Each structure stands twice: as structure tokens, then as C-alpha cells.
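Can you read through this structure? Questions will come right after.
Fair warning: this is a prediction, and the values are worked out from it, not measured in the lab. Just so it is clear, the values below take in all heavy atoms, side chains as well, and ignore hydrogens, waters and symmetry mates. Throughout, numbering of the chain's residues begins at 1 and tracks the sequence.
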Amino acid sequence: MEKLTLQPNKEDAGQRVDAWLAARVEGLTRSAAARLLEEGRVACGGKTLAKNYRLTGAETIQVSLPEPEPVDVRPQDIPLDVVYEDGDVIVVNKPKGLVVHPAPGHPDGTLVNALLHHCGDSLSGIGGELRPGIVHRIDRDTSGLIIAAKNDFAHQKLAAQLQDHTLARVYECIVVGNLRQDAGTVDAPIGRHPTDRKKMAVVSNGRPAVTHWTVLARYPGFTYVQCRLETGRTHQIRVHMAHIGHPILGDTVYGNRKPVPGLQGQCLHAVGLRFLHPRTGEAVELRCGLPLEFQEQLRKLENRR
């Protein structure tokens, strides 16, 4: 059983504890949070809380999470925007809102379910039952290119490229504020946030993380940026840009908690992917266009010049 200690802040005062938990704990839906409360797994000061309890913003919340139940992963006919495919790999332009693999709170309707339907038995088993074929991940509310392996040989080769940085991933994003330089590098270790399980953070004992960024365009109060990953930590670009004082537009976890009208999640898109084909060794370079809501945000910023 996993135990969490969570600390609300003054901005959370007045919120129902079930809704707050769903927003703070990764993979936890509001109905699942309500079940935890009903089962007496959420407490404050030694007393269990009701699901309609409203936060004061000054309490400390203890949560006891039960062991996750096994997930039966099944093929589902979910449309895929396939950018590249052959007998060894498949590259998909993942839309926002699509979770990559099943997890507590997201047992199905994921990219893995869609790949199982599209590829049949042609997926690497290295990722295990829940993550067949998955070489790297993209956040649910980040869109763009993601590669999956159709066999164990391809998976091993691609995983090695992730380690030696020959598998290159390029993202574009809009960040809040104006970056002073035209290019730079954030070299700061990332690990789990010390008090918030849902978040990652720059921490001294974290894993090495390096993000290279270049300014593409400047607007009043915002900057359009390209980021190249040298490592691939969870939420890396989001954490690094927030760390240097320029969170990604629409990122309600690491930036302003207020959603941006017309934008689902953060304005972050994986535009480019370059890798050596696992079987032939030839370079494969792929790009995909920006989603419409990203283009709309750029148009709005252009009109503010």
C-alpha cells in the first residue's frame, strides 16, 4: 500500500476534497477519489474525511492508496494518425487527451489499445502487458510524434538510441514571458516532487535532465520556442521551462492553474523525430504540423503585436 502526504495551499481553500484529490494525484479520477474517502483511506489529523469535506488550505492530508488491480489490455478501434509504418516500427501523431498506456484511472481508451487493434500481434513485448511496443511516452495533454516497436529486436535497438541520444525528439511550445537569450540549455536534475506525487520537480537527487531551447518568435508577454531533448524524463520540458521562470502556456500543473480559453492542457507539440532504422541503420526523419489549437494561439499572439 502506498501512502501519500499532501499539503493544500491557500488557493485550494473551499474546494471539495474529492475534486482536489483527483486534480493532485496522477491517474486518480474524481469517482476513484470519492471511493477512497468512502473507504476511510483519506485522513486529516488522524480523522477520516467525508467526500464533501471542503479544504481550509492549512491542513495536511494523508492518503492510503490500495494496490492497483490488474488491467486487462484489449484492442480498441481508436483512429490513429499514422505518420510512418513498416514491419519494425510505427510512428503516430498522438492527439491531445490520448493517454499512452493503461494505468489506474485509465484502464482503456489509450494509445496502446489503439495500437493493439491496428497492429494485431505485431508489437514488441518488452514493455510488458501494459506497455507493449512503447519506447518512449508523451504526456496525455501533449500532442505529436511517438514511436512504437513492432518486435523485440526493434525495441532494443530504439531503446539503445534513446540512451545514446541518436533518437532525437524536437518539440515546439509557447511559454509565458520573454526569454532574454535567443537560445540556451537547461541542465537540471529531475525527480518526483517531494510532497506532490502528481508533479515532478528539479531536485538535487533527481536523474540528469538536459533540454536545449531556441527562440522561434517573440510576442508581447510570450515566446514561441523549439526544444530538443537530450534526455527524456517525465514532464521534462514542462518542468525545465517552469524552472527557468517561463512555464508553458496552458500548463495548469507547473504554471498558472487557470485554464486558457480554447486550449486543452499545455501548448506543447512533438513536431520532429529522427532515428536510425533498427534494421537498416538508415536515418529516418519525420515531422508533423502543429495542431489547430496551437496554430490558433499563435494567430492570437500575432494579432497582439
Among Arg137, His269, Gln266, exactly one meets side chain to side chain donor-acceptor pair (under 3.5 Å) together with Thr142. Which residue is that?
Gln266

What's the separation between atom CG in Asn178 and atom OG1 in Thr223, rounded to the nearest 0.5 Å?
4.5 Å

Hey, does the side chain of Glu59 reach the backbone of Gln7 with a donor-acceptor pair shorter than 3.5 angstrom?
no

Test: salt bridge (Lys or Arg N to Asp or Glu O under 4.0 Å). Region: residues 256-270. Which pairs qualify, not counting sequence neighbours?
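For residues 256-270, and leaving out neighbouring residues, the salt bridge (Lys or Arg N to Asp or Glu O under 4.0 Å) pairs sorted by first residue read Asp12-Arg257.
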
Flag the pair Val63 / Leu21 as yes when at least one side-chain heavy-atom distance between them is below 4.5 Å, and no otherwise.
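Val63 reaches Leu21 side chain to side chain.
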
Taking the side chain as everything from C-beta on, heavy atoms only, tell me whether His118 gets closer than 4.5 Å to Ile90.
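They are in contact (side-chain heavy atoms under 4.5 Å apart), so the answer is yes.
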
In one Ile/Leu/Val/Met/Phe/Trp/Tyr side-chain cluster, 4.5 Å: Val100, Ile237:
yes

Closest contact, heavy atoms only, Leu273 versus Leu167
CD1-CD2, 3.6 Å

Locate the shortest heavy-atom distance separating Gly109 from Leu98; write the atom from each residue and the value.
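In this case the closest contact between Gly109 and Leu98 is O-CD1, 3.3 Å.
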
Report the C-alpha separation of Tyr254 and His235 in whole Å, then their side-chain angles, then the decisive distance to 0.1 Å, and conclude whether the ring pair (Phe, Tyr, Trp, His ring centres under 6.0 Å) test is met.
CA-CA 10 Å; Tyr254 298 103; His235 299 175; 5.6 Å; yes

Applying the 4.5 Å side-chain criterion to the ILVMFWY set and letting contacts propagate, would Ile134 and Leu80 be lumped into a single cluster?
yes

Between Asp182 and Arg218, is any pair of side-chain heavy atoms under 4.5 Å apart?
yes

Measure across Val135 and Ala159 and return the closest heavy-atom pair with its distance rounded to 0.1 Å.
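What the structure gives for the nearest pair is CG1-N, 4.3 Å.
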
Under the salt bridge (Lys or Arg N to Asp or Glu O under 4.0 Å) rule, what pairs show up with a residue in residues 86-102, not counting sequence neighbours?
Asp88-Arg279, Lys96-Glu293

Determine, step by step, whether Ser124 and Asp152 satisfy the side chain to side chain donor-acceptor pair (under 3.5 Å) criterion, reporting the C-alpha distance in whole Å, the side-chain angles of both residues, the deciding distance to 0.1 Å, and the verdict.
CA-CA 5 Å; Ser124 160; Asp152 290 357; 3.1 Å; yes

Of all residues at least two apart in sequence or in a different chain, which pass the ring pair (Phe, Tyr, Trp, His ring centres under 6.0 Å) check with Tyr219?
none

Report yes or no: do Phe153 and Leu276 belong to one cluster of Ile/Leu/Val/Met/Phe/Trp/Tyr joined by side chain heavy-atom distances under 4.5 Å?
no

Ile78 side, atom CD1; Leu116 side, atom CG - distance, nearest 0.5 Å:
10.0 Å

Where the side chain of Thr234 meets the backbone of Met200, is there a donor-acceptor pair that is under 3.5 Å apart?
no

Using a 3.5 Å distance criterion without hydrogens, assess whether the side chain of Asn303 forms a donor-acceptor pair with backbone atoms of Lys300.
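No: the side chain of Asn303 does not pair with the backbone of Lys300.
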
Shortest non-hydrogen separation from Ile174 to Leu298 and the atoms involved:
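So the two residues come closest at CD1-CD2, 3.7 Å.
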
Passes side chain to side chain contact (heavy atoms under 4.5 Å, CB included), Arg169 versus Leu162? Steps please.
CA-CA 10 Å; Arg169 289 158 292 162; Leu162 272 178; 3.6 Å; yes

Arg41 side-chain N/O to Leu36 backbone N/O, donor-acceptor pair under 3.5 Å
no

Does some side-chain heavy atom of Val170 sit less than 4.5 Å from a side-chain heavy atom of Cys227?
no

The test is side chain to side chain contact (heavy atoms under 4.5 Å, CB included); show your working for Tyr84 and Leu145 and say whether it passes.
CA-CA 10 Å; Tyr84 177 91; Leu145 298 179; over 6 Å; no

For residues 239-249, please give each side-chain donor-acceptor pair under 3.5 Å, one per line with the distance, not counting sequence neighbours.
{"residue": "His240", "atom": "ND1", "partner": "Thr211", "partner atom": "OG1", "Å": "2.8"}
{"residue": "His240", "atom": "NE2", "partner": "Ala188", "partner atom": "O", "Å": "2.8"}
{"residue": "His246", "atom": "ND1", "partner": "Val176", "partner atom": "O", "Å": "2.8"}

Is there a path from Phe222 to Leu290 through hydrophobic residues (I, L, V, M, F, W, Y) whose side chains come within less than 4.5 Å of each other?
yes

Quick one: salt bridge (Lys or Arg N to Asp or Glu O under 4.0 Å) pairs with a partner in residues 230-256, sequence neighbours left out?
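Output for this query lists Asp139-Arg238, Arg238-Asp251.
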
Evaluate the criterion side chain to side chain contact (heavy atoms under 4.5 Å, CB included) for residue pair Leu4 and Gln62; output intermediate values, then yes/no.
CA-CA 6 Å; Leu4 306 178; Gln62 288 87 30; over 6 Å; no

Taking Glu302 first and then Arg299, would you say they form a salt bridge - that is, a charged N and a carboxylate O separated by under 4.0 Å?
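No, no charged N to carboxylate O under 4.0 Å.
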
Is the closest side-chain heavy-atom distance between Val112 and Val73 below 4.5 Å?
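Yes; the side chains approach each other to less than 4.5 Å.
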
Can you confirm whether the side chains of Tyr171 and Gln226 place a donor and an acceptor under 3.5 Å from each other?
no

Start with the C-alpha gap between Ile146 and Leu111, add the side-chain angles, then the distance that decides, and say whether side chain to side chain contact (heavy atoms under 4.5 Å, CB included) holds.
CA-CA 10 Å; Ile146 181 171; Leu111 177 63; 3.8 Å; yes

Does Leu286 share a hydrophobic cluster with Ile147, counting links as ILVMFWY side-chain heavy atoms below 4.5 Å and allowing steps through other members?
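Looking at the clustering, Ile147 is in the same group as Leu286.
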
How would you list all residue pairs meeting salt bridge (Lys or Arg N to Asp or Glu O under 4.0 Å) that involve residues 155-168, not counting sequence neighbours?
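Every candidate salt bridge (Lys or Arg N to Asp or Glu O under 4.0 Å) pair involving residues 155-168 fails, so no pair, neighbours aside, qualifies.
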
Is there side-chain contact between Lys150 and Val89, with heavy atoms separated by less than 4.5 Å?
no

Under the 3.5 angstrom rule, does the side chain of Glu172 hit a backbone N or O of Val225 as a donor-acceptor pair?
no

To the nearest 0.5 Å, tell me how far Thr195 OG1 sits from Arg192 CZ.
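Spacing of OG1 (Thr195) from CZ (Arg192) equals 12.0 Å.
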
Where do Phe275 and Val91 come nearest, in terms of heavy atoms and distance?
CE2-CG2, 4.2 Å

Calculate, to the nearest 0.5 Å, the distance between atoms NZ and CG belonging to Lys51 and Leu37 respectively.
8.5 Å

Nearest 0.5 angstrom please: Ile61 CD1 to Leu55 CG, how far?
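So the CD1 of Ile61 and the CG of Leu55 are separated by 6.0 Å.
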
Note, Leu6 side chain near Trp20 side chain (heavy atom, < 4.5 Å)
yes

Out of curiosity, Gln297 CD to Leu263 CG, how far, rounded to the nearest 0.5 Å?
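Answer for the CD-CG pair, Gln297 versus Leu263, is 5.0 Å.
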
Nearest heavy-atom neighbours spanning Asn151 and Gly87:
ND2-O, 3.6 Å

Contact check, side chains of Pro75 and Asn113, non-hydrogen atoms, under 4.5 Å:
no

